[in-house]
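To start, the structure itself, in structure tokens.
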Amino acid sequence: MIMKKISGACAFLEALRCEGVKHVFGYPGGAVLDIFDAILDAPDIEFILSRHEQGAVHAADGYARASGKVGVCLVTSGPGATNTVTGIATACMDSIPIVVFTGQVSTNLIGNDAFQEADIVGITRPCTKHNYLIKDVADLPRIVKEAFYIASTGRPGPVLVDIPKDVMKSLISFNSPDKVCLEGYSPTYRGHHGQVRRIVSTLLKSRRPVIYAGGGVVHSNASKELTDFARMMRIPVTTTLMGLGVFPAEDPLSLGMLGMHGTYAANMAITETDCLITVGARFDDRVTGKIDEFAPKAKIIHIDIDPTSISKNVQVDLPVVGDCRIVLKDMLGDLEAKTREIQDLRKNIEPWLSRIDTWKKDQPLRYEKSSAIKPQYVIEAIDEIAPDDTIVATEVGQNQMWTAQFYKFSRPRLFLTSGGLGTMGYGFPAAIGAQVAFPGRTVIDIAGDGSIQMNIQELATVVQYNLPVKVMILNNGFLGMVRQWQSLFYKGRYSHTALTISPDFVKLAEAYGAHGLRAREPSEVKDVITEALRIKGPVFVDFVVEPEEDVYPMVPAGAPINNMLLV
Amino acid sequence: MRHAISVLVDNEAGVLSRVVGLFSGRGFNIESLSVAPTLDPTKSKMVITTDGNDQVIEQIKKQLNKLINVIKVVDYVGKDFVEREMILVKVNARAETRAEALRVADIFRARVVDVSPFSYTLALTGDKDKLQAFVDLLSPMGIIDFIRTGAIIMEREMHGRRKSEE
């Protein structure tokens, strides 16, 4: 059979179809004109035009976090490509599967400082899981397939594929390879069985165990196994910022988040535990505080798919490399025959659980009521009013920490936040991506007046596609988290953290054709939230909140995590 | 502790940059590096010598393995291996040092690869210590130019077998 030859641009779209891609976020430009021309004839692939390439990458990232599918982004060469870097680094730090396609100048011009040329493969080498420059159209189907495979398997992460303009124009008989063949890449999914058995026996001998769960539980879809495991053994669970939702926040065994702004109970439990079961987390400095005094009394168990995460920051006693879900299942399997030991453990744990309850009761998350709107109250009100399956994105800073503390996430993939890189401006476009993935669900971005202005141009996107994202701005007139540090550690010298000039967010939303609402009094908060959720289209809500509210508890950077500043 | 690590990689543009970037991005120093294609021209082998405590080296090896284009990583510490480097030294060879330079070259079995009325250029292969001793002896005569390759390494095959036969 003689196959019809198609252009590289058409082959690119065909390769996306082979991967089941339905949505592409991006921005056109000179070097990708051929692909954009072909997109007009591909009604099965919906293209969402952002207003800045950074917005497109974050949207692809939010799409991936909310749906578990690979997010796809397509931009042009040069500035289009460099504008994606922050978004790629954000996805890389949080292990999010996205594939970013960038246009490139023609192969004969590469290296010539051509118009809109940037060495994006060189620039993104340290912040992608892998990246490619397609030099020959014959390699295109294989490379696209590999890109999706690498992004979504093992420890997920972003992959960038750079496509020169002449490659898009070259002709090819499209033939997608059946399978991926990468000699240097084969992630370990099944944990070492002997090691799994050792973990179980160590755990059964413990008296004060704690589970510390992170984003890896989300990526491996292991929330159910983790919850079953914790409930069966009655082991308390604390999660990282990335792990929020993998264990129901309302469960009596939940300790909430640990670390710098973690709960008192979580941080005390880590300090006192004799057996720390780490699942899909990486001992980030915002979690551990002073590393030498992190879980000082514990045997540390670490389940992670990435060998480089093991004993990177904290020396681990019992590591196992594997997929969290598979390893937890193996552990549950190993425990099946051990009903007596489990009962003993449940009995032995009693004093530990009551100690934890005392910590919870003595030092709950709390805030002082006042005549001004408290930002924490806004979060609680949103949690109360919004439907159970609401997806919540945040920006970065105080808005993010208050959401992590006061919003009770019942399951994974409801909370989208830039944990590792801490990218202000992430939340709004990420919410857009989540809304595209789930048009029927409520999607909220909890923002600050600083962060929201970092990608505010995406207002045009939500209006154009009628994406009913609700943006809740906790407007305190400050870069609040930086101000808080200045207040606590820099003698209250507020250097450039007061945002004295900001737009009127209500009028701004209206100028773009969205709705704008405002609340000035605590008594207006719930009504405004209800109204925002009732409106069919996108809404900006401006909550004028207490200007100098701080996030507590707080562990000063570099201090041990049981050394908390309380309210 | 000094480690020699061999890294088998895909022979593609940018792979060296990935490997080196992994070191520099973490503030690890590469002491020496050599790289060339293997018998299979689609693959290259690198030998990297570096310095670091066990934890640093362990992390380097894991990070290398994590790179998609890296196929195999071998650390030669604790293994019995043959190591070779090569140097070219251009040394002053005026009347008073001319004979001495040749004598030193002869002792080390270095080859004279270029001669001028005022200098010899000597080539020598050997392990790190041998090359260093050679350079130390030539130094008083005045070294005009000097260049050295990175180490290449191969594990000894016979040693283990002989041991078990004894």
Side-chain angles (χ1 to χ4, degrees), chain A residues 89 92 95 107 110-111 119-136 139 142-143 146-147 149-151 153-162 180-188 282-283 291 302 304-316 319 321, chain B residues 1 3 5-30 33 35-48 50 52-75 77-78:
Chain A
C92 196
S95 313
T107 44
I110 290 179
D119 173 16
I120 198 63
V121 169
I123 289 169
T124 59
R125 209 168 272 139
C127 64
T128 48
K129 185 170 171 186
H130 194 54
N131 60 17
Y132 292 93
L133 167 66
I134 303 183
K135 281 183 284 192
D136 182 344
D139 295 331
R142 173 183 61 81
I143 288 178
E146 287 178 4
Y149 178 74
I150 291 170
T153 53
R155 177 177 176 175
V159 177
L160 180 136
V161 181
D162 202 20
V180 171
C181 180
L182 290 161
E183 207 179 339
Y185 179 70
S186 58
T188 307
R282 59 182 178 90
F283 301 90
I291 209 109
H302 192 184
D304 204 292
I305 199 159
D306 180 4
T308 66
S309 286
I310 286 171
S311 294
K312 184 176 67 177
N313 302 335
V314 167
Q315 214 49 45
V316 172
V321 175
Chain B
M1 186 180 184
H3 284 250
I5 300 169
S6 82
V7 190
L8 184 67
V9 298
D10 292 324
N11 183 9
E12 279 175 20
V15 175
L16 177 62
S17 167
R18 284 180 211 281
V19 170
V20 192
L22 187 153
F23 280 77
S24 62
R26 287 169 177 78
F28 304 153
N29 191 32
I30 291 177
L33 169 72
V35 48
T38 62
L39 285 177
D40 172 358
T42 66
K43 298 191 174 66
S44 290
K45 193 175 242 181
M46 301 179 183
V47 175
I48 299 167
T50 186
N53 63 38
D54 289 353
Q55 207 183 334
V56 167
I57 297 293
E58 192 57 30
Q59 185 60 214
I60 288 178
K61 286 191 281 180
K62 286 178 180 175
Q63 293 286 353
L64 284 169
N65 267 312
K66 195 170 163 178
L67 292 174
I68 310 282
N69 296 124
V70 168
I71 297 156
K72 195 173 177 193
V73 179
V74 178
D75 183 356
V77 160

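So that the names make sense, note that chain A is the first sequence line, chain B the second, and so on, each numbered from 1.
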Going through the distances and angles, do A:K312 and A:T308 end up as a side chain to side chain contact (heavy atoms under 4.5 Å, CB included)?
CA-CA 7 Å; A:K312 184 176 67 177; A:T308 66; 5.6 Å; no

Is chain A contacted by the side chain of B:L67, its backbone, both, or neither, given a heavy-atom distance below 4.5 Å?
backbone

Does NZ belonging to B:K66 count more than 12 external heavy atoms closer than 6.0 Å?
yes

Please rank B:K61, B:E12, B:Q63, B:R18 by heavy-atom pairs under 4.5 Å with chain A and give me the top one.
B:R18

Residue from A:E183, A:E146, A:R155 scoring the most non-hydrogen pairs under 4.5 Å with chain B is A:E183

Flag the pair A:I123 / A:R125 as yes when at least one side-chain heavy-atom distance between them is below 4.5 Å, and no otherwise.
no

Atom pair OG/CD1 of B:S24 and B:I30 - distance to nearest 0.5 Å:
7.5 Å

Approximate separation, where rounding is to 0.5 Å, of A:L182 CG and A:R142 CZ
8.0 Å

Are B:Q55 and B:Q59 linked by a side-chain donor-acceptor pair shorter than 3.5 Å?
no

Would you tell me whether B:D40 and B:T38 have side-chain atoms, one donor and one acceptor, within less than 3.5 Å of each other?
no

Quick one: pull up CZ in A:F283 and CD1 in A:I310 and give me the separation to the nearest 0.5 Å.
9.0 Å

Pairs of heavy atoms under 4.5 Å with chain A: top-ranked of B:I71, B:V9, B:I68, B:L22:
B:I68

Sort B:E58 into side chain, backbone, both or neither according to what part of it lies under 4.5 angstrom from a heavy atom of chain A.
neither

Non-hydrogen atoms of chain B under 4.5 Å away: do they reach the side chain of A:Q315, the backbone, both or neither?
side chain

Could you look at B:N65 and say if it's the side chain, the backbone, both or neither that has a heavy atom under 4.5 Å from chain A?
backbone

Among B:S17, B:A13, B:G21, B:G25, residue most engaged with chain A (heavy-atom pairs, under 4.5 Å):
B:S17

I need the B:I57 CD1 to B:I5 CD1 distance, nearest 0.5 Å.
5.0 Å

Mind checking the CG-SG spacing from A:L160 to A:C127? Nearest 0.5 Å is all I need.
8.5 Å

For residues 128-135 of chain A, give me every residue with a non-hydrogen atom less than 4.5 Å from any non-hydrogen atom of chain B.
A:K129, A:H130, A:N131, A:K135

